[in-house]
Amino acid sequence: MTFRVEKDLDALYGELDRNLKVLEEEFNVRVRARGNRVTVEGEADAVEGASRVLKGLDEAVAGGHALRPGDVAHAIRAYRDRPGLPVSELFRHGIPVASKKRFVVPKNETQRRYLEAISSHDLVIGIGPAGTGKTYLAMAMAVASLLKQEVSRIILVRPAVEAGERLGFLPGDLVEKVNPYLRPLYDALYDMMETERAGRLIERGSIEVAPLAFMRGRTLNDSFIILDEAQNTTREQMKMFLTRLGFNSKTVVTGDVTQVDLPPEKGSGLIEAQRLLAPIEEIAIVYFTEKDVVRHRLVQRIIQAYEQTDPGPA
């Protein structure tokens with residue numbers, strides 16, 4: 001099969017034609033490019049798949065998306081998950097962020113549904129293993145909402161399970177006390193916004209970080225709230241947090257029900273919440289699996305290995 005692509009060939013083909021080589025390896029085809037003319041050779045189904053993925057990536061690049069390492073592999077996975085969905089559709093759901101990335105895009109069908117759920121619901125619960133993008137995409141949506149002035153602040157919350165009531169004895173101000181527990185949220189934030197700008201927004205209170213215990217008694221209006229590591233909330237804490245939702249606010253709760261760090265006698269608030277809230281249509285619950293892991297390919301295999309020996313909680 002021979003076809004033409006757009007003019008930004010360096011971005012599409014990648015350094016030393018790296019992206020074309022990924023297509024060759026994944027589809028077992030031969031890809032030859034001369035200028036903007038591409039020829040794909042191999043078995044019919046493989047040629048069709050590789051061509052559709054490359055054309056979809058071409059449309060994404062033409063639309064302003066800067067291909068990053070891993071985008072080709074994610075596009076191939078998306079094509080195989082849903083062959084009928086145009087690959088370029090994956091990149092049309094890009095979230096504008098205040099960094100050189102310009103856009104954060106979903107890497108698979110589950111992530112796309114997750115973003116749609118966040119867009120259309122005031123409360124979304126994302127459940128699944130590490131590396132599936134639950135917190136990262138929620139952070140991207142929060143930053144985009146703040147930039148578009150849809151909300152006036154972002155509130156990042158995490159239970160500090162190990163600290164318990166000892167937070168008051170730790171040195172430093174509130175942010176310094178809980179910083180070790182909130183570090184993953186900071187990492188995601190700084191990946192989407194320059195550190196200095198994020199620092200100014202934190203100083204002004206437009207971005208707030210807080211341990212779950214400090215949410216009691218508050219009503220959160222005009223806010224985008226993210227509760228991370230929610231599997232480590234107790235029943236009482238989860239009820240307290242969920243009832244903080246105010247007007248013009250959106251809440252995303254993320255967690256992995258197989259990684260509960262609470263004492264055995266305390267049940268996980270997230271496990272209970274997914275059961276109690278499932279019948280409420282206005283609340284969306286999105287489940288991720290090891291197939292949705294978008295970190296290093298070994299992470300997916302590690303998760304599978306552990307699940308074979310430890311099925312986790314019922």
Side-chain angles (χ1 to χ4, degrees), residues 95-99 104 106 110-111 113-148 150-161 174-175 178-193 198 201-202 205-216 218-233 237-257 259 268-270 273-274 277 283-288:
I95 310 165
V97 294
S99 76
V104 172
T110 306
Q111 287 194 354
R113 289 191 290 104
Y114 183 56
L115 293 179
E116 289 181 348
I118 294 175
S119 296
S120 57
H121 294 75
D122 289 339
L123 175 57
V124 176
I125 300 175
I127 297 175
T132 50
K134 306 181 301 296
T135 304
Y136 191 83
L137 290 176
M139 182 68 74
M141 292 291 281
V143 169
S145 294
L146 184 66
L147 294 177
K148 291 186 289 186
E150 295 174 347
V151 297
S152 62
R153 58 181 172 168
I154 297 173
I155 301 176
L156 310 176
V157 186
R158 228 178 185 221
V161 173
L174 174 60
V175 173
V178 301
N179 184 67
Y181 307 98
L182 295 165
R183 175 49 51 186
L185 293 174
Y186 278 117
D187 291 342
L189 175 63
Y190 294 148
D191 203 31
M192 297 166 200
M193 183 179 291
L201 291 172
I202 291 173
S206 296
I207 298 178
E208 178 183 347
V209 290
L212 181 59
F214 284 73
M215 302 303 291
R216 189 175 301 276
R218 301 180 61 182
T219 300
L220 305 174
N221 296 316
D222 199 29
S223 305
F224 196 117
I225 311 107
I226 299 174
L227 172 59
D228 192 34
E229 294 290 312
Q231 75 274 7
N232 288 327
T233 63
Q237 288 174 326
M238 179 62 77
K239 179 181 178 182
M240 176 273 292
F241 174 80
L242 293 176
T243 54
R244 300 307 95 197
L245 184 64
F247 294 105
N248 190 41
S249 290
K250 191 177 291 288
T251 297
V252 180
V253 177
T254 69
D256 179 358
V257 294
Q259 297 292 324
S268 168
L270 179 60
Q274 67 175 329
L277 304 181
I283 298 175
I285 302 178
V286 180
Y287 291 93
F288 295 80

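Just so we're clear, the structure is a prediction, and the values are computed from it rather than from any experiment.
- Residues satisfying the side-chain hydrogen bond (donor to acceptor under 3.5 Å, both in side chains) criterion with Ser223, sequence neighbours excluded, are Arg153.
- Between the OG1 atom in Thr243 and the CE atom in Met215 there is a gap of 10.5 Å [rounded to 0.5 Å].
- With sequence neighbours left out, Thr110 forms a side-chain hydrogen bond (donor to acceptor under 3.5 Å, both in side chains) with Asp292.
- Residues Thr233 and Met240 fail the side-chain proximity criterion, which asks for heavy atoms closer than 4.5 Å.
- Residues satisfying the salt bridge (charged side-chain N to carboxylate O under 4.0 Å, His left out) criterion with Asp222, sequence neighbours excluded, are absent altogether.
- Under the side-chain contact (heavy atoms from CB on, under 4.5 Å) criterion, Asp187 pairs with Arg183, sequence neighbours left out.
- The side-chain hydrogen bond (donor to acceptor under 3.5 Å, both in side chains) search around Ser145 returns Glu150, not counting sequence neighbours.
- Summarising the geometry, atom CG belonging to Leu212 is positioned 10.5 Å from atom CZ belonging to Arg244; distances are rounded to the nearest 0.5 Å.
- Looking at Ile207 and Val143, their side chains never come closer than 4.5 Å, going by heavy atoms from C-beta outward.
- The structure places CD of Gln237 at 13.5 Å from NZ of Lys239, a figure rounded to the nearest 0.5 Å.
- Side chain of Gln231 to backbone of Asp256: a donor-acceptor contact under 3.5 angstrom is found.
- Considering only heavy atoms from C-beta on, Ile125 comes within 4.5 Å of Leu270 through its side chain.
- The distance from the CD1 atom of Ile155 to the CG atom of Leu227 is 12.0 Å, given to the nearest 0.5 Å.
- A search for side-chain contact (heavy atoms from CB on, under 4.5 Å) contacts involving Thr254 returns Tyr114, Lys134, Thr135, Asp228, Val252, not counting sequence neighbours.
- Atom CD1 of Ile226 is separated from atom CG of Leu189 by 9.0 Å, given to the nearest 0.5 angstrom.
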> Could you walk me through whether Ser268 and Met238 pass the side chain to side chain contact (heavy atoms under 4.5 Å, CB included) check?
Replying inline: CA-CA 9 Å; Ser268 168; Met238 179 62 77; over 6 Å; no
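- Side chain of Ser249 to backbone of Leu245: no donor-acceptor contact under 3.5 angstrom is found.
- With sequence neighbours left out, Ala284 forms a side-chain contact (heavy atoms from CB on, under 4.5 Å) with Ala117, His121, Val124.
- In this view, Arg218 and Glu208 satisfy the salt bridge (charged side-chain N to carboxylate O under 4.0 Å, His left out) rule, not counting sequence neighbours.
- Atom-to-atom distance recorded for Ile127:CD1 and Gln274:CD is 4.0 Å, nearest 0.5 angstrom.
- In this structure, Pro106 and Arg113 have side chains that are not in contact, with every pair of non-hydrogen atoms separated by 4.5 Å or more.
- The side-chain contact (heavy atoms from CB on, under 4.5 Å) check on Ser206 picks up Leu201, Arg204, with sequence neighbours excluded.
- Looking at heavy atoms from C-beta onward, Leu220 lies out of side-chain contact with Thr251 at the 4.5 angstrom threshold.
- In terms of heavy-atom proximity, Ala198 sits nearest to Tyr190 at CB-CE2, 3.6 Å.
- Minimum heavy-atom separation, Lys250 to Ser119: NZ-O, 3.8 Å.
- Taking the side chain as every heavy atom from C-beta outward, Ile225 and Phe241 approach each other to under 4.5 Å.
- When side chains are defined from C-beta on, Ser152 does not count as touching Asn221, because their heavy atoms never get closer than 4.5 Å.
- In terms of the side-chain hydrogen bond (donor to acceptor under 3.5 Å, both in side chains) criterion, Gln111 has no residue partners (sequence neighbours excluded).
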